[in-house]
2 protein chains.
Amino acid sequence: MEPVPMLLAMTYRAMGDQFHDRLAQIGLEPLRPAHGYVFRFLKAKRATTVDIGQHLGVTKQAAAKIVNELDEWGYVLREPHPADKRAQYVTLTTKGRDYLKFADNLWSDLEQEMADAIGQQTLDTIRTGLAAYLQHVHGEDQPGLRPVW
Amino acid sequence: MEPVPMLLAMTYRAMGDQFHDRLAQIGLEPLRPAHGYVFRFLKAKRATTVDIGQHLGVTKQAAAKIVNELDEWGYVLREPHPADKRAQYVTLTTKGRDYLKFADNLWSDLEQEMADAIGQQTLDTIRTGLAAYLQHVHGEDQPGLRPVW
DNA sequence: CCCACTAGACAACCAGGTTGACCATATTCT
DNA sequence: AGAATATGGTCAACCTGGTTGTCTAGTGGG
């Protein structure tokens, strides 16, 4: 029988691939998962590049590259930090918010299809089970999302 | 609430990190997940480098690099193909089989800890649920494991 | 007023893939 | 049989997405 981690990886990829395919059909920019995570993070709180790196679990330099791309593509812009002249807040543009909304819909479509395939209840169990495990392993301070991507 | 794919990724990483940490404590070679997948594959069937690449979902060149490493480290060796002078079978050495056995034990330890944390029944539901989803998406011919790693 | 610390940029590097070209052997077609 | 085509394996150049290390300018506690 397949080891559980293998199943996790394969399922993650299966869902991610479908997400990507459907996005490509619409003809959107080739955003990677990390970009999506950044959007979600920025929606929740004002953040600097350093904050983003921390959240993703990568160096600030890696985070800066990602932010640069998003900036060039118009999903995000930098504005001066009111109290710290070194720092810049990274904020979503309208284009960024629209993308996030679209992506969220797509994700919930996929999740719904998964529910249809294996049963809503099973899906719920998976969700709460995995969350409980993460809680068990990491306690309150969950680490960045780091790899996989 | 966290999207399911995020939970999958985080859980995969959490388990993988623990696996890696414990392996490092024993002082074993720095094998990556891909190597483990190769072992598991070789145990199941005789295979060439090309077969391995196919199974992993990477190019044969990438597979060749992996096989080279494993060869240098003594986990694997190449023997001539009986019917095709171009080809070579890649086979596990004793060291390779020992590693696999050790790793399998470690994985099942981790799985048991997961069961202890969230309940055996929940874990079973997760396992069968994910397997069912993959079945639903891919049908019989599951693709390579490709990324994540 | 110093001194330790931090945000961000720049550069060099690395790992783990990719594509493309090639040789030798296998296979298929006529 | 012989020619055309396909396949296993290797080599080499390149790409992507990270890393470390260094620097500047600004911050903030004693």
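Numbers restart at 1 for each chain; the letters A, B, ... are given by sequence-line order, proteins then strands.
Here the C1' atom of nucleotide D:dG18 and the NE2 atom of A:His35 are 13 Å apart, to the nearest Å. Distance CD1 (A:Ile52) to C1' (D:dG18): 16 Å, rounded to an integer number of Å. Rounded to an integer number of Å, the gap from B:Lys85 NZ to C:dT27 P is 12 Å. Here the C1' atom of nucleotide D:dG17 and the CG atom of A:Leu70 are 14 Å apart, to the nearest Å. The CG atom of A:Asp71 sits 10 Å away from the P atom of C:dA9 (whole-angstrom rounding). C:dG8 atom C1' lies 15 Å from atom OH of A:Tyr89, rounded to whole Å. Between B:His81 atom NE2 and D:dG9 atom C1' the separation is 13 Å, expressed in whole Å. If you measure from atom CG of B:Asn68 to atom C1' of C:dG16, you get 14 Å, rounded to the nearest angstrom.
Other residues, nucleotides and ligands contribute over 12 non-hydrogen atoms within 6.0 Å of the NZ atom of B:Lys95. For A:Gln121, the CD atom sits in a loose shell: 12 or fewer heavy atoms of surrounding residues, nucleotides or ligands are nearer than 6.0 Å.
Comparing the axis of the opening five pairs of the helix from C:dC1-D:dG30 to C:dT30-D:dA1 with that of the closing five pairs yields an angle of 30°, rounded to 10°.
A:Arg97 places a side-chain N or O within 3.5 Å of a backbone atom of A:Leu92 that can act as its donor or acceptor partner.
Here A:Arg86 does not reach the OP1 or OP2 of D:dT24: none of its side-chain N or O atoms lies under 4.0 Å away. For the pair A:Thr59 and D:dT19, the criterion of a side-chain N or O lying under 4.0 Å from OP1 or OP2 is met.
Both A:Ala83 and A:Lys60 lie near DNA chain D, and the one whose nearest nucleotide falls closer to the 5' end is A:Lys60. Comparing A:Asp84 and A:Gln61, the nucleotide of DNA chain D nearest to each residue sits closer to the 5' end for A:Gln61.
With C:dG16, C:dT18, C:dG8 as the candidates, the nucleotide lying closest to the side chain of B:Arg32 is C:dG16. The side chain of B:Thr49 sits closest to D:dG9 out of C:dT25, D:dG9, D:dG18.
Judged purely by distance below 3.5 Å, without hydrogens or angles, the side chains of A:Glu72 and A:Asn68 never pair a donor atom with an acceptor atom.
Nearest heavy-atom pair, A:Ile118 versus B:Tyr133, reported as atom, atom and distance to 0.1 Å: CG2-N, 3.7 Å.
Residue contacts shown for B:Ala62 include a base, since a base heavy atom lies under 4.0 Å away.
Aromatic pair A:Phe39/A:Tyr99: ring centres closer than 6.0 Å.
Note: B:Gln54 CD to B:Thr48 OG1 = 8.5 Å, rounded to the nearest 0.5 Å.
For A:Lys65 and D:dG18, a side-chain-to-base donor-acceptor distance below 3.5 Å is present, hydrogens and geometry of angles not being considered.
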